[in-house]
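First the structure, in the form of structure tokens, and then the observations on it.
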Amino acid sequence: MLLDEIKKIIEALLFMKGEEGLNIEYFSTFMEVEPHEAENMLNIFCEEYNNANNSLIIKKFGTTYKMLLRDEMAEVIKKAVISKNLVKLSKASLETLAIIAYNQPITKVQIDKIRGVSSDSILHSLVSKELIVSNKTLDTIGKPKLYETTDIFLDVFGLESLEQLPKSEIVTSEEINKFLQN
């Protein structure tokens with residue numbers, strides 16, 4: 001069980017961070033503890049908080065914790081509030097996102113080879129929506145950027161980790177639609 005003071009700090013930070021969420025590394029620095037201790041504190045807080053009868057719930061997306069509405073509350077106010085992350089993505093954007101999710105880290109050249117067309121504008125759009133990042137480069141001639149999905153990608157698609165992506169090598173459009181509706 002966490003001390004009441006730590007609970008208040010975590011709750012306040014989650015509120016302040018809003019849609020961005022509370023990252024383990026940030027919390028570790030803030031609390032001046034090791035990352036594994038910070039993650040343990042956050043996990044304990046989440047378990048206690050989520051067992052209470054609140055209208056909110058804490059969920060982990062990768063290394064980021066977010067305060068969200070419980071499903072039953074989301075249904076009540078769904079029509080009134082629209083999240084900026086629930087942006088309509090074109091089929092080409094979804095295709096590119098899937099290629100990155102399953103093959104990350106991956107270069108633009110590799111993406112273009114798989115798709116058979118240039119992905120410049122799509123990659124720019126996905127980066128601007130913060131669904132992917134290109135913080136790393138491949139250690140070869142030209143130092144091409146490597147693209148990876150972000151914690152926001154996990155959040156938008158309701159995943160805790162990439163391991164929750166469908167496993168089959170050939171994914172039908174029916175499976176994709178079923179996955180996206182969850």
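Because only heavy atoms are used, hydrogens play no part in the values below, and waters and symmetry mates are left out as well, while side chains stay in.
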Task: Side-chain donor-acceptor pair present, Ser125, Lys129, cut-off under 3.5 Å - done: yes

- [ ] Output yes when a side-chain donor or acceptor of Asn23 lies under 3.5 Å from a complementary backbone atom of Thr64, and no otherwise.
- [x] no

TODO: Would you confirm whether Arg115, through its side chain, and Thr96, through its main-chain N or O, come within 3.5 Å as a donor-acceptor pair?
DONE: no

Open item on the list: Applying the side chain to side chain contact (heavy atoms under 4.5 Å, CB included) criterion to Tyr147, which one of Asn135, Leu126, Val127, Val133 satisfies it?
Closed with: Val127

TODO: State whether the side chain of Asn103 and the backbone N or O of Ile99 hold a donor-acceptor pair below 3.5 Å, judged by distance alone.
DONE: yes

- [ ] Start with the C-alpha distance between Glu160 and Lys59, add both sets of side-chain angles, then the distance that settles salt bridge (charged side-chain N to carboxylate O under 4.0 Å, His left out), and finish with yes or no.
- [x] CA-CA 8 Å; Glu160 289 185 25; Lys59 283 189 89 176; 5.2 Å; no

TODO: Give a yes or no answer on whether the side chain of Gln110 reaches the backbone of Thr107 with a donor-acceptor pair at less than 3.5 Å.
DONE: yes

Open item on the list: Students often mix this up, so state it plainly: with edges at 30° and 60°, are the rings of Phe30 and Tyr26 parallel, tilted or perpendicular?
Closed with: parallel

Task: Donor-acceptor contact below 3.5 Å, side chain Asp155 vs main chain Asp151 - done: no

Task: Between Tyr65 and Asn43: side-chain donor-acceptor atoms closer than 3.5 Å - done: yes

Open item on the list: Regarding Gln104 and Thr149, do their side chains bring together a donor and an acceptor under 3.5 Å, going by distance alone?
Closed with: yes

TODO: Please assess Asp4 against Lys8 for the test salt bridge (charged side-chain N to carboxylate O under 4.0 Å, His left out), listing each intermediate value before the final yes or no.
DONE: CA-CA 6 Å; Asp4 285 341; Lys8 288 177 183 177; over 6 Å; no

- [ ] List the atom of Ser28, the atom of Pro35, and the distance in Å for their closest heavy-atom pair.
- [x] OG-N, 3.4 Å

Open item on the list: Please find the pair of heavy atoms, one from Glu20 and one from Lys66, that lie closest to each other, and give the distance.
Closed with: O-CE, 3.7 Å

Open item on the list: Keeping Glu32 on the side-chain end and Thr29 on the backbone end, is there a donor-acceptor pair under 3.5 Å?
Closed with: no

